[in-house]
Amino acid sequence: MLSYDELTPPERELWDAFPEGRRVDLRTGAAEDDRVADGGRWGPGRTVRAEVIVALLLGAHSVPPGAVGSLALAGARISGRINLAGARIDHPLWFEDCWFEQDVSLFGAETRTVAITGSRVPGLEAGSARIEGRLDLLRSTVETAPVSAFHREISALSLTHAHVTGGVILNGAELSAPEGWALAAGGLVCEGGFFCGGGFVAHGEVRLPGAQLGALFMRHTRLETPGPHGVALSLDNAVASTLDFSRQFVANGTVRLRGTRVSDNVTFEGAVLNGPPDGDGPALQCMLMQAVDFDLTLARPPAGTVDLRGAQVSYLHDNEHSWPQSVELDGFVYGSIRVAVAGERREAVGRPDSVAHRLRWIRRSPGYSPQPYEQLASWYRKAGHDDEARRVLLAKQRHRRRTLRPAARAWGQLLDATVGYGYRPWLAGVWLLVLTLLGTVTFGAHNPTRVQAGGGPQFQPLVYTLDLLIPIGGLGQRTSWYWTSGGLQWLAYLLIAFGWVLTTAVIAGVSRALQKS
């Protein structure tokens with residue numbers, strides 16, 4: 001048990017200030033003497049032992065009734081290790097511009113606001129802690145030493161399964177865990193905002209799988225070094241109202257949002273997604289993500305694949321930099337696509353190159369999948385652009401044809417050339433006109449033979465050709481005349497076959513038009 005006589009002058013000052021909640025400031029006021037990076041050289045006049053801090057927080061010096069105690073210390077060198085694991089702390093902690101000799105442990109603790117700002121800390125463990133207030137590491141550097149291949153789970157800052165009733169503030173902070181995790185916060189519950197902006201830098205993977213966040217803001221953020229698997233940020237199965245990765249967000253590694261549910265918007269406006277440094281891995285993974293607004297208006301094209309398989313969004317915003325050479329779109333569902341026009345976000349339909357641009361987007365997806373085409377056509381139909389929807393569905397059939405066997409591919413070529421797979425029924429009319437002219441001219445230049453001598457109508461080449469081409473009903477010509485020439489008879493057979501195909505296409509096209517009118 002510490003006695004007052006054993007305390008050094010700065011420790012006595014802190015001891016006396018604690019019950020009154022006064023701040024003890026050991027800074028000299030000279031910038032060259034107060035650099036936190038040089039805190040290891042600060043002498044006894046600026047050194048406070050960790051055991052003194054622990055003793056105060058655990059009740060060694062009681063707070064009189066009517067007073068609000070707090071531990072507030074600035075410009076100090078903290079020697080030893082602050083170990084408050086499992087403790088119940090009824091007073092807020094304020095450290096400013098301090099240099100910590102060893103890591104700080106709040107594992108499983110119950111505490112009020114913890115603020116360690118502008119300081120250098122060799123690791124902060126707050127897993128399973130409950131913080132009634134905020135966790136503030138503004139402008140602090142939290143780092144760990146390099147770890148071996150067998151201990152990659154070591155992290156600079158651990159908030160695994162912690163519960164923070166206020167916000168987590170990491171603005172301007174630097175988290176460094178070479179070859180490990182800069183932030184481990186799986187299962188974190190943060191009722192307020194999670195702020196990682198203002199020049200925040202992470203060396204190592206930032207992990208928030210399964211976290212429940214009020215909102216996550218990562219503006220002006222650099223994720224410099226990916227984790228062991230090339231992942232810079234992992235938010236798998238997290239829940240949040242907003243995910244903001246805009247305004248100079250830079251990720252040198254995969255950004256993973258698999259299964260993430262966002263009740264409002266996810267934005268990467270102006271962001272840079274460089275993907276893993278070795279180029280082997282996706283830049284953005286959003287498989288099964290759910291969001292209302294998804295803004296992917298990047299500053300430049302991603303350096304790796306963008307994976308949107310199974311994602312669902314109401315509004316998709318993109319620009320000329322949104323899509324890399326490879327995009328996974330199978331199962332991606334969206335209600336609207338919007339682009340910036342004259343400074344405003346508008347529906348991306350009605351532009352002359354709209355369909356061609358969107359089809360090139362779909363073709364960036366490896367292999368053939370019908371769903372991206374069906375989804376795009378559905379969007380055009382909902383926007384009232386039926387012609388564009390038919391162009392998309394025709395492109396789908398042509399893409400599918402390349403995956404078929406030679407015989408089926410040849411049949412598809414025939415359907416495409418004659419009726420556009422049914423999406424261009426006017427082609428059937430053109431073919432009927434061409435075949436009618438062909439039959440009329442060819443049959444008119446030859447004399448057929450009557451089926452019954454002296455009976456039947458007079459031969460009319462035009463009517464005879466139409467009788468062959470129209471499969472329904474009859475005009476009495478083809479039952480009254482036949483050809484002795486094999487070539488002309490085969491022409492008649494071909495006209496009958498084409499008549500069935502083309503007339504059916506015309507009827508289907510008219511029926512489709514009547515249903516939409």
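All figures in this text were calculated on a predicted structure; none of them were measured in a lab. Heads up: numbering here begins at 1 and tracks the sequence.
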Enquirer: Atom CG of L73 and atom CD1 of I116: how far apart are they, to the nearest 0.5 Å?
Expert: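 Going from CG on L73 over to CD1 on I116, the span is 11.0 Å.
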
Enquirer: Using the side-chain hydrogen bond (donor to acceptor under 3.5 Å, both in side chains) criterion, which residues pair with Q413? Sequence neighbours excluded.
Expert: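 Counting only residues at least two positions away or on another chain, Q413 forms no side-chain hydrogen bond (donor to acceptor under 3.5 Å, both in side chains).
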
Enquirer: Identify whether the distance between the nearest side-chain nitrogen and carboxylate oxygen of E132 and R130 falls below 4.0 Å.
Expert: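 A salt bridge links E132 with R130.
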
Enquirer: With a 6.0 Å cut-off (strictly less than), is the heavy-atom count around OH of Y368, excluding the residue itself, greater than 12?
Expert: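 Counting other residues, nucleotides and ligands, OH of Y368 exceeds 12 neighbours.
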
Enquirer: Between T305 and D307, do the side chains contain a donor N or O and an acceptor N or O under 3.5 Å apart?
Expert: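 Note: D307 and T305 side chains miss the donor-acceptor criterion.
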
Enquirer: Is atom CZ of R364 surrounded by more than 12 heavy atoms (other residues, nucleotides or ligands) closer than 6.0 Å?
Expert: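 Yes, CZ of R364 has more than 12 neighbouring heavy atoms, counting only those of other groups under 6.0 Å.
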
Enquirer: Let me check something: any side-chain donor-acceptor pairs from residues 269-281 under 3.5 Å, sequence neighbours excluded? List them with distances.
Expert:
| residue | atom | partner | partner atom | Å |
| --- | --- | --- | --- | --- |
| N274 | OD1 | R300 | NH2 | 3.3 |
| N274 | ND2 | N252 | OD1 | 2.7 |
| D278 | OD1 | D280 | N | 3.0 |

Enquirer: Any heavy-atom pair between the side chains of L188 and T160 that's under 4.5 Å?
Expert: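 Not touching, per the 4.5 Å side-chain cut-off.
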
Enquirer: If the test is side chain to side chain contact (heavy atoms under 4.5 Å, CB included), which one of V206, L157, T221 qualifies with L170?
Expert: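 Looking at V206, L157, T221, the match for L170 under the side chain to side chain contact (heavy atoms under 4.5 Å, CB included) is L157.
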
Enquirer: In this structure, are over 12 heavy atoms from other groups packed under 6.0 Å from R81 atom CZ?
Expert: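 Atom CZ in R81 is crowded, with more than 12 foreign heavy atoms closer than 6.0 Å.
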
Enquirer: Measuring from atom OG1 of T113 to atom NE2 of H91, what distance do you get when rounded to the nearest 0.5 angstrom?
Expert: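 Output value for this atom pair is 13.5 Å.
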
Enquirer: Using the rule side chain to side chain contact (heavy atoms under 4.5 Å, CB included), only one of L124, N171, I169 pairs with L137; which is it?
Expert: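 It is L124, the one option of L124, N171, I169 that forms the side chain to side chain contact (heavy atoms under 4.5 Å, CB included) with L137.
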
Enquirer: Looking at CG of L243 and CZ of F217, how far apart are the two atoms once the value is rounded to the nearest 0.5 Å?
Expert: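 Interatomic distance, L243 CG to F217 CZ, rounded to 0.5 Å: 9.5 Å.
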
Enquirer: I'd like to know if the side chain of E191 pairs up with that of H163 as donor and acceptor (distance under 3.5 Å, no hydrogens or angles considered).
Expert: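 The criterion, which ignores hydrogens and geometry beyond distance, is satisfied for H163 and E191.
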
Enquirer: Pairs in or reaching into residues 238-265: which pass ring pair (Phe, Tyr, Trp, His ring centres under 6.0 Å), with residues at least two apart or in two chains?
Expert: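 Listed by first then second residue: F245-F249, F245-F268.
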
Enquirer: When you compare the side chains of E125 and S158, does any donor N or O come within less than 3.5 Å of an acceptor on the partner?
Expert: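 There is such a pair (donor and acceptor under 3.5 Å, judged by atom type) between the side chains of E125 and S158.
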
Enquirer: To the nearest 0.5 Å, what is the distance between CG on L159 and OG on S128?
Expert: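 Answer rounded to 0.5 Å: 10.5 Å.
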
Enquirer: Can you give me the closest heavy-atom contact between E101 and R120, atom names plus distance?
Expert: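 For E101 versus R120, the nearest heavy atoms are O-NH1, 4.3 Å.
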
Enquirer: Among all residues two or more places apart in sequence or in another chain, which pass the ring-ring contact (aromatic ring centres under 6.0 Å, His included) test with F95?
Expert: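 With sequence neighbours excluded, F95 shows a ring-ring contact (aromatic ring centres under 6.0 Å, His included) to F100, given in chain and number order.
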
Enquirer: What I want to find out is whether E110 reaches R88 closely enough, with some N-O distance under 4.0 Å, to be called a salt bridge.
Expert: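 Yes, this pair counts.
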
Enquirer: Using a strict 4.0 Å threshold on nitrogen-to-oxygen distance, state whether R391 and D386 make a salt bridge.
Expert: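 No, this pair does not count.
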
Enquirer: Any chance you could lay out the side-chain contact (heavy atoms from CB on, under 4.5 Å) test for V306 and W323, step after step, and finish with the verdict?
Expert: CA-CA 7 Å; V306 171; W323 310 110; 4.1 Å; yes

Enquirer: Please check if the number of heavy atoms outside R401 that lie under 6.0 Å from its CZ is greater than 12.
Expert: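 Buried by this count: over 12 neighbours within 6.0 Å.
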
Enquirer: Evaluate the side-chain proximity of V189 to V164: yes if any heavy-atom separation is below 4.5 Å, no if none is.
Expert: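 Side chain of V164 against side chain of V189, heavy atoms only: no contact under 4.5 Å found.
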
Enquirer: Does the distance from a Lys or Arg side-chain N to an Asp or Glu carboxylate O, for D33 and R35, drop under 4.0 Å?
Expert: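 Not counted as a salt bridge, because no side-chain N and carboxylate O are separated by less than 4.0 Å.
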
Enquirer: Rounded at 0.5 Å granularity, tell me how far CZ in R134 sits from CZ in R112.
Expert: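 Reported to 0.5 Å precision, the distance equals 14.0 Å.
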
Enquirer: Applying side chain to side chain donor-acceptor pair (under 3.5 Å), run through E174 and H203 and close with a yes or a no.
Expert: CA-CA 8 Å; E174 181 174 354; H203 300 276; 3.2 Å; yes

Enquirer: Run the side-chain donor-acceptor check on residues 327-339: report pairs under 3.5 Å with partners two or more places apart or on a different chain.
Expert:
| residue | atom | partner | partner atom | Å |
| --- | --- | --- | --- | --- |
| D330 | OD1 | S369 | OG | 2.6 |
| S336 | OG | E347 | OE1 | 2.6 |
| S336 | OG | E347 | OE2 | 3.0 |

Enquirer: Would you give the length of the straight line joining atom OG1 of T111 to atom CG of L135, rounded to the nearest 0.5 angstrom?
Expert: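 With rounding to 0.5 Å, OG1 (T111) is 10.0 Å from CG (L135).
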
Enquirer: Assess, by modelled atom type and distance only, whether the side chains of T297 and D295 contain a donor and an acceptor separated by less than 3.5 Å.
Expert: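 Note: T297 and D295 side chains meet the donor-acceptor criterion.
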
Enquirer: Can you see whether T28 engages D34 through a side-chain donor-acceptor pair at a distance of less than 3.5 angstrom?
Expert: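 Yes, D34 and T28 have a side-chain donor paired with an acceptor closer than 3.5 Å.
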
Enquirer: How about CZ on R41, more than 12 heavy atoms from neighbouring residues, nucleotides or ligands closer than 6.0 Å, or not?
Expert: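 Incorrect, the count does not exceed 12.
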
Enquirer: Does D97 come within less than 4.0 Å of R27, counting only side-chain N to carboxylate O?
Expert: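 R27 and D97: salt-bridged.
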
Enquirer: Using 4.0 Å as the upper bound for N to carboxylate O, is an ion pair formed by R358 and D318?
Expert: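 A salt bridge is present here (some side-chain N lies under 4.0 Å from a carboxylate O).
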
Enquirer: Identify, with sequence neighbours excluded, every residue that meets ring-ring contact (aromatic ring centres under 6.0 Å, His included) alongside H317.
Expert: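 H317: no ring-ring contact (aromatic ring centres under 6.0 Å, His included) contacts found.
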
Enquirer: Think R207 forms a cation-pi with W181, using NZ or CZ under 6.0 Å from the six-ring centre and within 45 degrees of its axis?
Expert: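 Geometry flag: set, cation within 6.0 Å and 45°.
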
Enquirer: For S119, is there any backbone N or O sitting under 3.5 Å from a side-chain donor or acceptor partner on S140?
Expert: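 Yes: the side chain of S140 pairs with the backbone of S119.
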
Enquirer: Could you tell me whether the side chain of R409 and the main chain of L404 form a donor-acceptor pair under 3.5 Å?
Expert: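 Checking the backbone N and O of L404 against the side chain of R409, a donor-acceptor pair under 3.5 Å is found.
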
